[in-house]
Amino acid sequence: MSTETTPAWLRCYRCWSQDLEVQVHYEGIHKIDPDTGERADVVDELQEAVVQCLECMHDQPHLGFLDGRVQPVEDRWERMIAGTPWVASVTVTVDAEEVETCSGPEAGDALSYAAFGDHGTREFFTHVRFHKHEEDKIVVHLLVELYARSLDEATDVLETAARGFLTITSLAEESRPPAATGDERH
Ligand SMILES: [Zn+2]
């Protein structure tokens, strides 16, 4: 297969490697065909898939798995493939009831989710530095790494993802991790 026809999105967003793997978890309830005993119409189904890069081992939130093939997440892949990493120091103030738990091993994920929703747990690298209770609010202090093509875009992505009042203390561009060897020109 020629790399000329390889879609731009079908690669790791961090190291651009094309050595990818998908883990699919499928749960389905199907009717049984009374004549053949075959699995027939779907009553209910749930499929979860995670694409991972075998070069750098990172998950690929710009890729989904649908109809038996990996597909790009439309409003995300260009930004992540063409972008560079940005690191932000932020606080997000959310209603305390939005936070499932703020102590124990699940606290980091719960606070990241309360602050940035799915972006916080799936796309961004988030590190919760600490959190403060203020009456019925929780102020979550985080370091966030995300991919974007410009300062404006990085700001916009943070603002769109935030589920509470967002304050950006600092936002700086980092250098992209080195590209995986041998995947660019053949
Ligand atoms: Zn990679």
Side-chain angles (χ1 to χ4, degrees), residues 1-27 46-90 92 105-129 140-163 168 170-186:
M1 227 202 317
S2 159
T3 52
E4 301 295 309
T5 57
T6 303
W9 46 266
L10 193 50
R11 57 182 62 228
C12 171
Y13 76 99
R14 289 181 65 87
C15 72
W16 289 334
S17 169
Q18 293 187 282
D19 198 0
L20 305 174
E21 182 175 85
V22 64
Q23 270 180 41
V24 186
H25 299 275
Y26 177 81
E27 248 177 68
L46 178 74
Q47 179 180 288
E48 280 179 37
V50 176
V51 180
Q52 196 183 47
C53 171
L54 294 177
E55 198 80 40
C56 70
M57 304 314 287
H58 280 95
D59 287 354
Q60 305 295 311
H62 67 300
L63 298 176
F65 187 73
L66 202 66
D67 301 330
R69 63 193 303 159
V70 167
Q71 304 199 8
V73 178
E74 276 309 330
D75 57 351
R76 192 181 277 176
W77 75 265
E78 282 179 278
R79 167 168 63 78
M80 294 187 71
I81 291 289
T84 50
W86 292 76
V87 174
S89 177
V90 303
V92 184
E106 306 292 320
D109 269 0
L111 289 162
S112 296
Y113 185 79
F116 288 115
D118 281 334
H119 288 270
T121 47
R122 286 267 290 130
E123 184 194 324
F124 303 163
F125 290 91
T126 51
H127 170 65
V128 177
R129 295 156 78 195
V140 192
H141 294 246
L142 310 105
L143 280 178
V144 180
E145 187 194 289
L146 68 144
Y147 274 65
R149 287 164 290 190
S150 67
L151 180 69
D152 282 352
E153 191 174 58
T155 308
D156 194 52
V157 168
L158 285 168
E159 282 172 353
T160 307
R163 298 171 76 218
I168 301 175
S170 69
L171 179 58
E173 188 177 9
E174 304 275 297
S175 54
R176 176 176 265 287
T181 50
D183 74 320
E184 276 300 298
R185 306 173 248 286
H186 282 283

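Remember, it's 1-based here, ligands and their atoms both numbered in the order they're listed. Because the structure is predicted, anything quoted here is derived from the model rather than measured.
- Looking only at distances, no side-chain donor or acceptor of R149 sits under 3.5 Å from a matching main-chain atom of T84.
- Of all heavy-atom pairs between L146 and A154, the closest is CD1-O, 3.9 Å.
- Heavy atoms only, all atoms of each residue included: H62 and R11 are closest at NE2-O, 2.9 Å.
- Across all their heavy atoms, V128 and G108 have their closest contact at CG2-O, 3.7 Å.
- Of all the heavy atoms in Y13 and D59, the pair that sits closest is CE2-O, 3.4 Å.
- For the Zn ion (ligand 1), the set of protein N/O/S atoms nearer than 2.8 Å consists of C12 SG, C15 SG, C53 SG, C56 SG, ordered by chain and number.
- Other residues, nucleotides and ligands place more than 12 heavy atoms under 6.0 Å from the CD atom of Q47.
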